[in-house]
Each structure stands twice: as structure tokens, then as C-alpha cells.
There are 2 protein chains.
Amino acid sequence: MNIGKAASKAGLSVKTVRYYANIGMVAAYQDPQTGYREYSDDDVAKLQFIGKARRFNFSIEECRELLSLYQDKNRPSKEVKALTLEKIAEIEEKLAELQGLRDQLHHLATHCQGDDRPDCPILEALSASPDR
Amino acid sequence: MNIGKAASKAGLSVKTVRYYANIGMVAAYQDPQTGYREYSDDDVAKLQFIGKARRFNFSIEECRELLSLYQDKNRPSKEVKALTLEKIAEIEEKLAELQGLRDQLHHLATHCQGDDRPDCPILEALSASPDR
DNA sequence: TATAAACTCTCCCCTTACTGGAAAGTAAAG
DNA sequence: CTTTACTTTCCAGTAAGGGGAGAGTTTATA
């Protein structure tokens, strides 16, 4: 099938699929006459796999690792698990950071009148002398 | 003072400060002879302000807004508060998304043996047929 | 069969918010 | 006077594609 159909089957944009071809992630056969790429069901499965992994916040490089593990029928599952646990830890870190930000901003917002007067604790906090 | 001192006072890199000059955020006076930029204490205060707002996850454009509100002595505080509440909502959204990801990954990881055998529920989940 | 619409190709620029490096000029220190 | 430390501009690159131009291909319609 052509790239458009493969893309829609995989739930990705044509641009994205072409990009994956360019970086050698899912390199479909390309007709030397027309330049048209030809995708197999197997390629579509890989594209779906990548799409899902990307939605799980795995980077392109991590997807590449996962994909090679996925294609290696003898892979040990511990490698996949390790990658997943790392990703979880990364997400936890980001969560903590964002929670901290939210709490601080929330604190500032609740102390701000939010009216037509110029005094604003938020700006005061932002302009306070160096915080470290 | 020169850019190096201004940057260290503001807790930013020289590159960053130069970048802020280029995009017209904090445009310091520039000696026409030497090309050296000259930073005042006022400029440093602005740089600090921006640095802090950036750490609060405000984008460059939002920082520009905040900065102009900060410099306008007659601004109504409600504008600042609105911007802050928007930012909080944005962060909340991102938090929910990340929590969902973490939970799903966690679920997968707990069902994976993580040993030397090839069977892996994580990869199975990633390669399962279309999820929507 | 002619033509129009839909699809595909490559190529280049754009995004965010910088960071790194090269080559060259300037200033301060020894 | 030389070395070292700063500073300048310019170019390139990051992640992960998106937008659009211009050209070729395939399919559908008149």
C-alpha cells in the first residue's frame, strides 16, 4: 500500500511516516521509477508500535531500542522492563517538578487580588532579589 | 557592566543573555565602537525577572507579557493573575497526562517478569492492534 | 480520451529556547 | 609585549516533525 494508507492505518500523519523513513526507523521499499514508497502490513505494525511508544513518551531513540527488542524474538524481557522503569522514573521526576511549580503559582495566585489596582504579589515575587 | 557580569548576576548564561538581546527582550546599549553591550542594574533586574518566570514554566512570549505588565506601573493586577491561572491550568493538564502515562507504564511493568525469557507483556501491549 | 482531482515525491524553511563552536576583535593582567 | 580572558558576529544543531512549493503519478470523472 502507499504511504497515505499506511499512515492512516497506523494513526500517524504522512509527514511523520515519511520522517520515520528518512531517519531509517521504518524504511519501506521505494519504487525506483516513481519514487513511491511501498508499505507492507508488517511495516504498518511497526508504525503502530512506534506510535504507541511515542504516546507513552518514549523518545525516537528509545523507540528504536524498543523496536529492535520487539523484532528480536530471543530478547530477554528484562531489557524492556528496565527501559520502562527508567521511563517511569523520568516521568515521576517531571511530575514532582510540575507539582512544585503548580503549588508555588497557586500560592501566588491566591494572594493576588486580581483587580484593577496595580499592586500584585505575583510580580513582586518575580521581581524579588535573587532566589539563590 | 559587561555581559558576563550581568549574566552571572542574573544567574543566566552569557549565551542566554545575548539571545534575549537579539530577540529584543532585554536590549542593552551597545557601544558602536567595540560592539560591547553595556548592562545597567535595571537590565539585570529584568534578566532576573525573566529567569524566574522561565523557571515557572512561562514561555518567552509570556515572559514578554509579564515583563511589560511589570514595567507598567498602572497595570491592573488581574491581567497578571489571569495569566498565572492559565499557566496553572496548563500545568494541571500536563500533570494529568503524565500521571496517566505513569500508571499505564507501571501496570505494564508489574506484569512483566523482567527475566531472561523473551515473553514480555510490555512489548505485547505496544504491538497490540490499534488502540483507537 | 482528456482533464481534473487526489496522491506522492523532494526540498527547504519554521517551530522553542537556547547551546556550541569558529574566527576575529578588545580588554585586562603579568 | 605577550598571554589570557572577554566579547563580538555568524553558522549549525537540538526534537520531532509541520507547512508549503513545485513537480511528477495515479485515479476518477466528464
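Chain naming here is simple, since letters A, B, ... match the order of the sequence lines and numbering starts at 1 in each. Computed from a predicted structure; not experimentally measured.
Taking every heavy atom of residues 86-101 of chain B and every atom of DNA chain D, no pair lies under 4.0 Å.
Residue pairs meeting the side-chain hydrogen bond (donor to acceptor under 3.5 Å, both in side chains) criterion with at least one member in residues 11-37 of chain A, sequence neighbours excluded: A/Ser13-A/Thr16. The ring pair (Phe, Tyr, Trp, His ring centres under 6.0 Å) analysis of residues 45-76 of chain B, with sequence neighbours excluded, yields the pairs B/Phe49-B/Tyr70.
By the side-chain hydrogen bond (donor to acceptor under 3.5 Å, both in side chains) test, A/Ser8 pairs with no residue at all, sequence neighbours left out.
The backbone N or O of A/Ser40 lies less than 3.5 Å from a partner atom in the side chain of A/Asp43, making a donor-acceptor pair. With hydrogens and angles ignored, the 3.5 Å screen pairs a side-chain donor or acceptor of B/Gln48 with a backbone N or O of B/Lys9. No donor-acceptor distance shorter than 3.5 angstrom exists from the side chain of B/Lys46 to the backbone of B/Val26, with no hydrogens or angles considered.
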Protein heavy-atom contacts under 4.0 Å, written 5' to 3' over nucleotides 20-30 of chain C as B (base), S (sugar-phosphate only) or - (none), form the string BB---BBS---
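Summarising the geometry, atom NE2 belonging to A/His106 is positioned 9.0 Å from atom CG belonging to B/Leu85; distances are rounded to the nearest 0.5 Å. B/Ile60 contributes atom CD1, which lies 7.5 Å from atom CD1 of B/Ile50 (distance to the nearest 0.5 angstrom). Here the OG1 atom belonging to B/Thr84 is positioned 13.0 Å from the NE2 atom belonging to A/His107, to the nearest 0.5 angstrom. Note: B/Gln99 CD to A/Glu92 CD = 9.5 Å, rounded to the nearest 0.5 Å.
Atom CD1 of A/Ile3 is separated from atom P of C/dC7 by 13 Å (rounded to the nearest Å). Distance, A/Tyr29 OH to C/dC9 P: 13 Å, rounded to whole Å. The CD-C1' distance, from A/Glu38 to C/dC7, rounds to 14 Å in whole Å. The interatomic distance linking B/Ile60 (CD1) with C/dT19 (P) rounds to 10 Å, in whole Å. To the nearest angstrom, C1' of C/dA6 lies 15 Å from NZ of A/Lys5.
Comparing B/Glu61 and A/Gly35 against DNA chain C, the residue whose closest nucleotide sits nearer the 5' end is A/Gly35. Residue whose closest nucleotide on DNA chain C sits further toward the 5' end, between A/Arg18 and B/Thr16: A/Arg18.
Taking side-chain N and O atoms only, A/Arg37 has a distance below 4.0 Å to OP1 or OP2 of C/dC9.
At least one side-chain heavy atom of B/Leu67 sits under 4.5 Å from a side-chain heavy atom of B/Gln71.
If you walk DNA chain D from 5' to 3' and mark each nucleotide with an atom closer than 4.0 Å to a heavy atom of chain A, the marks span D/dA16 to D/dT26.
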